[in-house]
Amino acid sequence: MTWHFTEQAEVFRRAAAAPLAADPARHTAVLTLVDGAELLGWWTGPDGRVTGTCVVSPPGVPVLGVMTAPVARALARALPGAGAVTGVRGEAAVCEAFARALGRPWTTTRRMRLFRLDALTPPEPAPPGRARRATMAEIPFAVAWARQFARDVGETADTDPTANITTRVSEGRLYFWEAHGAPRSMASVSPTLAGQARVSLVRTPPEERGRGFAGAVTSAVSRAALDAGAEQVLLFTDLANPTSNALYQRLGYRPLGDHAALAIDAREQPQAARQDRPQPSGRPPGRPQPRGLAGQ
């Protein structure tokens with residue numbers, strides 16, 4: 001029973017191909033972070049099957065895939081740089097098991113629910129207006145809304161979202177619901193990956209809420225994802241917002257499971273302890289080769 005780690009996305013994809021393909025919806029966060037992650041890991045059980053995955057992106061914040069609580073606790077002991085971990089995200093129960101195993105104070109900063117689209121049910125009657133893709137000229141406007149979205153859900157607004165928004169707009173994945181000549185609501189959808197796409201960045205300014213715009217633009221981007229070939233359309237909701245949770249279910253989304261984001265007190269490890277940590281596999285020539293880590 002072993003955790004393995006690598007810095008190379010293709011090494012991880014080959015090792016974890018079976019669980020990622022078997023349940024891409026529950027692995028959605030891991031799948032979307034593989035490219036660009038600083039570290040990727042997979043757990044092999046006594047029969048050699050991979051039954052746990054994780055990615056570290058951004059630094060210090062592992063995102064956990066599908067695994068059991070004992071496997072999450074083993075990850076807390078095995079993860080290179082675990083002493084510098086400042087947060088964790090994933091399914092709520094395993095995040096809490098991971099945090100407890102670290103033995104440092106932690107708090108839940110956000111509780112979320114993962115939904116999957118069943119049968120799309122557009123709002124009826126539809127609000128005035130139409131869905132349309134954002135234009136390049138509207139990037140500054142969309143960036144301002146993205147910053148406000150981060151504040152609305154309790155995330156830091158310090159990170160500049162301009163590059164992210166520019167990519168979404170240039171790829172035609174960010175939509176507005178426009179009514180009376182102006183955008184009233186916004187939503188985006190991810191590229192389709194492993195047959196699934198995820199709706200995100202759903203925001204309606206406070207003064208425009210309660211008029212059906214959010215439901216209309218969410219329905220529009222969901223339809224766009226289906227038309228682009230997505231077999232599954234997913235979205236995360238903030239459990240602190242019962243209005244949005246109810247809205248998405250009226251549109252045809254059904255819950256898959258509860259997720260959480262945890263903040264963990266950082267503690268840098270002494271040099272001797274860091275040297276005892278195994279090195280990631282898949283490194284360039286001349287660097288340490290892969291080896292597994294004993295589990296529990």
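- Between Trp42 and Phe5, the shortest heavy-atom contact is CZ3-C, 4.4 Å.
- Of the charged side-chain nitrogens involved, at least one lies within less than 4.0 Å of a carboxylate oxygen, so that Arg132 and Glu138 count as a salt-bridged pair.
- At a threshold of 4.5 Å between non-hydrogen side-chain atoms, the residues Val56 and Leu33 do not count as touching.
- Within the 4.5 Å cutoff, the side chain of Phe98 has heavy atoms near those of the Leu79 side chain.
- For the residue pair Glu7 and Leu40, the shortest heavy atom distance occurs at C-CD1, 4.0 Å.
- Summarising the local packing, CZ of Arg133 is surrounded by 12 or fewer heavy atoms from other residues, nucleotides or ligands at distances under 6.0 Å.
- Side-chain atoms of Ser185 come within 3.5 Å of backbone atoms of Arg203 as a donor-acceptor pair (strictly under, hydrogens ignored).
- Using a 3.5 Å distance cut-off with no hydrogens or angles, the side chains of Glu38 and Ser57 do not pair a donor with an acceptor.
- Asp152 and Arg209 are joined by a salt bridge, as a carboxylate oxygen and a charged side-chain nitrogen come within less than 4.0 angstrom of each other.
- Considering only heavy atoms from C-beta on, Val55 stays 4.5 Å or farther from Pro62 through its side chain.
- Cation-pi check for Arg184 over Trp177 is not met; the charged atom does not lie both under 6.0 angstrom from the ring centroid and within 45 degrees of its normal.
- Considering only heavy atoms from C-beta on, Asp258 stays 4.5 Å or farther from Glu91 through its side chain.
- In this structure the side chain of Arg13 reaches within 4.5 angstrom of the side chain of Asp35, judged on heavy atoms.
- Counting heavy atoms from C-beta on, the side chains of Thr32 and His27 never come closer than 4.5 Å.
- Atom CG of Asn245 is separated from atom OH of Tyr253 by 13.0 Å, given to the nearest 0.5 angstrom.
- With Leu235 as the fixed residue, the side-chain contact (heavy atoms from CB on, under 4.5 Å) test singles out one of Leu251, Thr218, Val202: Thr218.
- A donor-acceptor contact closer than 3.5 angstrom is absent between the side chains of Arg113 and Thr237.
- Heavy atoms only, all atoms of each residue included: Thr204 and Ala214 are closest at OG1-CB, 3.4 Å.
- Applying the 6.0 Å contact sphere to CZ of Arg111 captures no more than 12 heavy atoms from other residues, nucleotides or ligands.
- Residues Leu262 and Thr109 fail the side-chain proximity criterion, which asks for heavy atoms closer than 4.5 Å.
- Minimum heavy-atom separation, Ala9 to Val34: CB-CG1, 3.6 Å.
- By the 4.5 Å heavy-atom criterion applied to side chains, His4 and Trp43 are not counted as neighbours.
- A salt bridge does not link Glu171 to Arg168: none of the charged nitrogens lies less than 4.0 Å from a carboxylate oxygen.
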